[in-house]
Amino acid sequence: MNAILPDPYTIPLEKLDPSSPNLFQNQEHWAYFERLRKEDPVHFVDSEDFGPYWSVTKFQDIMYVDSHHELFSSEPRIVLGHSNIDFDPPMFIAMDPPRHDEQRAAVTPAVAPKQLAELEPLIRGRVQAVLDGLPVGESFNWVDRVSIELTTQMLATLFDFPFEERHLLTHWSDVATENPELDVNGNGRTEEERRDILMECQQRFMEIWKERAGQAPKMDLISLLAHSPATAKMEPMELLGNMILLIVGGNDTTRNTMSASVYALNKFPEQYDKLRANPSHITSMISETIRWQTPLGHMRRIATEDTELGGKKIKKGDMVVMWYVSGNRDEDVIENANDYIIDRPRARHHVSFGFGIHRCMGNRLAEMQLRILWEEILQRFSKVEVLEEPKRVHSNFVMGYTDLQVKLHPL
Amino acid sequence: MPRITYIEFNGTEHTVDGDGGDSVMETAVKNEVPGIDADCGGGCACATCHIYVDEAWLTQVGERSPMEVSMLNLAEGVADNSRLSCQISLNESLDGLVVRMPESQH
């Protein structure tokens, strides 16, 4: 637990900066965003950590920014912060059209409906194996044993990465989302150490890439990239960037939603009862969890010209941050937005996947993994009981859990 | 009141009366016609209200905007008669419109 930060209502509005990772780790960010949505929905602050930027906190404004890629560029990066050592591997989420469109199109077949239908039995078999291997009646960390294990296995399959080395994917994903440039006390890895680890990642993927390029095309992400005209000639750093994108996109998000589903159903026990009584709510429960958790807290853009948003004049070159984590709690669009309601009407109406051309490409795969997980949990356990408050990730980007102690109750 | 027929992927037909000014997407959602998700709520920003316009109606429904073309790139099984149903606004000239749903919204 970090030092308690000041109550946002005691800070002068013009100084209010919701970006500190400590806020998110302590769950103190909610009050900051509540105040911003009410008093200054498009908010400018000169941040100590990140410099001057605009916060966009309401659902409709977020959708406007996200779907106007010609006004708000995704280059050169889509998260707050900058590298002090000039280490910013290019990736297609942080590109504008036409390059973005070409590279994204190369990998989308991996998550097309036909491909998902083929993956379903494999995913179900793995979920069953993981759940059957869990201890009943004793405490364990759900994050490690279930959320990380299942998403890592899935990633290994999507990349056709050597299965016995799959823990490396999780490791690289965790390193990729660290903010060493913010680690003023030097407790964690330095930026140089982080770069070196990701260069090992690049090395390993280059080997596999070369192997795939020499083989017949397959449906895994590396083979698709190696054989598509738009991406076959990628520079090594661009390969690394896109690998990081696909690893983080497929890993942290689904992992933390898996943990969040257990946590939320325990925080709202009447919703857990509703789910047990009627498992047909699983589909909307998954969407509601993705909204309530908001696995990625924000995305960043740069204005390409002078423009206006919510009555504020945004200048060309200004940094604009869409706080998805706030948009999903916007009461003007989502009734009782702080409550977790598994049969919420129009549960898919949330901003977690983003909107516009950068909208999450793996959203249907993520939903399928979560659906299968809960179909199998309900057939095995009467309750996954959360034993204490979880420990959380120190980040304004990944809204995640590192430790969620649970105990399983048999049917 | 323009009347629209939605045909699900499995062939089930739903004929409903729409209100002028509403979109083909909104009319489906209001009448609980299955097969259109409309995650973004009508902002041409998510591509989950993909439909196929019956060939006889292609001219009447008008042209795709550049943003609609970009968003259709995200959808699955896009054909020449693919549209995002939130981008087709109803009026009397569309009375009798027939649209078909894809197998799933992706």
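The minimum heavy-atom distance linking A/Gly356 with B/Met67 is given by the pair CA-CE, 4.1 Å. Across A/Ile357 and B/Leu74, no two heavy atoms sit closer than the pair O-CD1, 4.1 Å.
Each salt bridge (Lys or Arg N to Asp or Glu O under 4.0 Å) pair with one or both residues in residues 85-99 of chain B, not counting sequence neighbours, would appear here, but there are none.
Taking SG of B/Cys44 as the reference point, atom CZ of A/Phe355 lies at 12.0 Å (rounded to 0.5 Å).
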When you scan chain B against chain A, which donor-acceptor pairs turn up at less than 3.5 Å?
unit_1   : atom_1 : unit_2   : atom_2 : d
B/Asp37  : OD2    : A/Arg364 : NH2    : 2.9
B/Ala38  : O      : A/Arg346 : NH2    : 2.7
B/Asp39  : O      : A/His349 : ND1    : 2.7
B/Asp39  : OD1    : A/Arg348 : NE     : 2.8
B/Asp39  : OD2    : A/Arg348 : NE     : 3.2
B/Asp39  : OD2    : A/Arg348 : NH2    : 2.6
B/Asp39  : OD2    : A/Arg359 : NH2    : 2.7
B/Ala45  : O      : A/Gly356 : N      : 2.6
B/Gln105 : O      : A/Arg364 : NE     : 3.1
B/Gln105 : O      : A/Arg364 : NH2    : 3.1
B/His106 : NE2    : A/Val111 : O      : 2.9

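Partners of B/Asp80 under the side chain to side chain contact (heavy atoms under 4.5 Å, CB included) rule, at least two apart in sequence or in another chain, do not exist in this structure. Here B/Asp19 pairs with nothing under the salt bridge (charged side-chain N to carboxylate O under 4.0 Å, His left out) rule; sequence neighbours left out.
In terms of heavy-atom pairs under 4.5 angstrom with chain A, the leader among B/Cys46, B/Gly43, B/Ala38, B/Gly41 is B/Cys46.
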